[in-house]
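Comments concern the structure below.
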Amino acid sequence: MAIAVTEFRALCGFAGIEELKDVLRTVPEVEDLVGPEDAAKLLSVKEYHGVNEVKSSLCSAFTKLMMANKEAVSEAIAKLICRLDAESKVRTLTEKENLVLSLEKQYPEDVGVLAAFFFNYIKLSPGEALYIGANEPHAYLSGECIECMATSDNVVRAGLTPKYRDVQTLCSMLTYKQVFPEILRGVPVEPHVRRYTPPFDEFEVDCCSLPSGELVVISPVPGPSVYLVMAGEGEIQVDSMPEGEKSKQGDVFFVPAHTEVKFSASGPECMLLYRAGVNSRFFS
């Protein structure tokens with residue numbers, strides 16, 4: 001889960017079938033790399049054909065794009081950039097087209113520039129969040145966020161990165177679901193505290209924005225928690241500590257289960273902190 005701290009942009013999950021068909025009709029550079037057979041298969045598929053058939057067609061087309069050789073990808077991107085530069089003089093480019101132009105400047109000749117057409121383009125305002133299930137494609141593009149992840153030994157990359165890529169593994173492991181991500185805005189659980197609850201058991205995240213001079217008492221929870229102070233300063237007090245401990249930006253605290261926590265803000269600015277813990281539904 002990513003909670004936006006600033007204006008935040010990301011690619012997340014596959015776009016709907018009609019949007020993908022529009023990509024094949026209007027982005028010849030992508031259609032050429034996908035190939036006529038896989039392009040025709042995806043263009044002819046209907047939602048009522050069944051989930052498995054849609055996923056199969058999408059998997060085949062996306063894998064063909066991602067596995068294209070480097071020379072073909074480089075040539076396709078050069079054609080795309082040239083075409084969009086020319087068309088921008090006679091029409092307004094779409095958000096996705098402007099996005100790929102900016103991605104190409106940062107990642108020239110990267111297949112991820114073309115793959116961006118396949119994904120949902122998400123913009124979050126500060127305080128909004130999105131969650132991503134296992135084996136779903138995503139890329140953070142710009143902005144700052146608080147990210148919380150379940151324990152994982154499996155990070156696979158295929159584009160828009162200078163790090164090691166394993167394209168074949170990525171293409172084989174994706175779910176190929178086509179769902180626009182739900183945007184979470186947090187739910188108040190007590191004064192100054194909002195909770196972000198994804199639909200999986202591993203974690204939830206609380207955001208506490210505490211004005212200077214204010215105190216918040218965070219009730220005990222059945223599982224352990226990790227606190228991160230993002231901004232401001234103040235004091236933390238827990239049952240096991242006879243006196244409070246000073247806390248400031250960058251501090252991290254581990255708090256055992258069934259422990260009441262008190263934070264008081266004392267600096268000139270608002271104290272902003274986040275708590276990550278086991279999803280409350282797990283204990284219900």
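Starting from 1, each residue takes its place in the sequence as its number.
Salt bridge annotation for E95-R9: absent, with no cationic side-chain nitrogen under 4.0 angstrom from a carboxylate oxygen. At a threshold of 4.0 Å, the pair E31-R25 does not count as salt-bridged, since none of the basic side-chain nitrogens sits closer than that to a carboxylate oxygen. A salt bridge does not link K41 with E37: none of the charged nitrogens is closer than 4.0 Å to a carboxylate oxygen. One finds a salt bridge joining E29 and R83 here, because a Lys/Arg side-chain nitrogen approaches an Asp/Glu carboxylate oxygen to under 4.0 Å. Under a 4.0 Å N-O distance rule, the pair R165/D110 qualifies as a salt bridge.
Counting only N and O atoms by type, the side chains of E136 and T175 include a donor and acceptor under 3.5 Å apart. S266 and E235 are not linked by any side-chain donor-acceptor pair at a separation below 3.5 angstrom, with hydrogens and angles left out of the test.
The shortest distance between side-chain heavy atoms of S247 and M271 falls below 4.5 Å. In this structure, the side chains of N279 and P198 come closer than 4.5 Å at one or more pairs of heavy atoms. In this structure the side chain of I236 never reaches within 4.5 angstrom of the side chain of V229, judged on heavy atoms. In this structure, the side chains of E7 and P126 come closer than 4.5 Å at one or more pairs of heavy atoms. A 4.5 Å side-chain heavy-atom check between R275 and V255 finds every atom pair outside the cut-off. Side-chain contact check for V27 versus L80: some heavy-atom pair is nearer than 4.5 Å. L42 places none of its side-chain heavy atoms less than 4.5 Å from the side chain of D38.
Under the 3.5 Å distance criterion, the side-chain polar atoms of E128 are left unmatched by any main-chain donor or acceptor of R185. Under the 3.5 Å distance criterion, the side-chain polar atoms of T259 are matched with a main-chain donor or acceptor of A257. The main-chain N or O of S57 is never found under 3.5 Å from a side-chain atom of S60 such that the two would form a donor-acceptor pair. A donor-acceptor pair under 3.5 Å is absent between the side-chain atoms of S74 and the main chain of E109, judged by distance alone.
Annotation: Q168, atom CD; neighbour count of heavy atoms from other residues, nucleotides and ligands within 6.0 Å does not exceed 12. F180 CZ: more than 12 foreign heavy atoms inside a 6.0 Å radius. Surrounding NZ of K262 are at most 12 heavy atoms belonging to other residues, nucleotides or ligands under 6.0 Å away.
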Item to check | Residue pair Y227, I218: steps toward the side chain to side chain contact (heavy atoms under 4.5 Å, CB included) verdict | outcome: CA-CA 11 Å; Y227 286 83; I218 299 179; 3.4 Å; yes

Item to check | ring pair (Phe, Tyr, Trp, His ring centres under 6.0 Å) between F62 and F119, worked out | outcome: CA-CA 11 Å; F62 182 72; F119 303 131; 5.7 Å; yes

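Under the 30°/60° scheme for interplanar angles, the aromatic rings of F200 and F203 are found to stand perpendicular. Ring-plane geometry between Y140 and F8 is classed as perpendicular, the angle between the planes exceeding 60 degrees on a 0 to 90 degree scale with a lower cut at 30.
For the side-chain contact (heavy atoms from CB on, under 4.5 Å) with I122, the qualifying choice from L141, L11, I183 is I183, the only one to do so.
The minimum heavy-atom distance linking F117 with V23 is given by the pair O-CG2, 3.5 Å.
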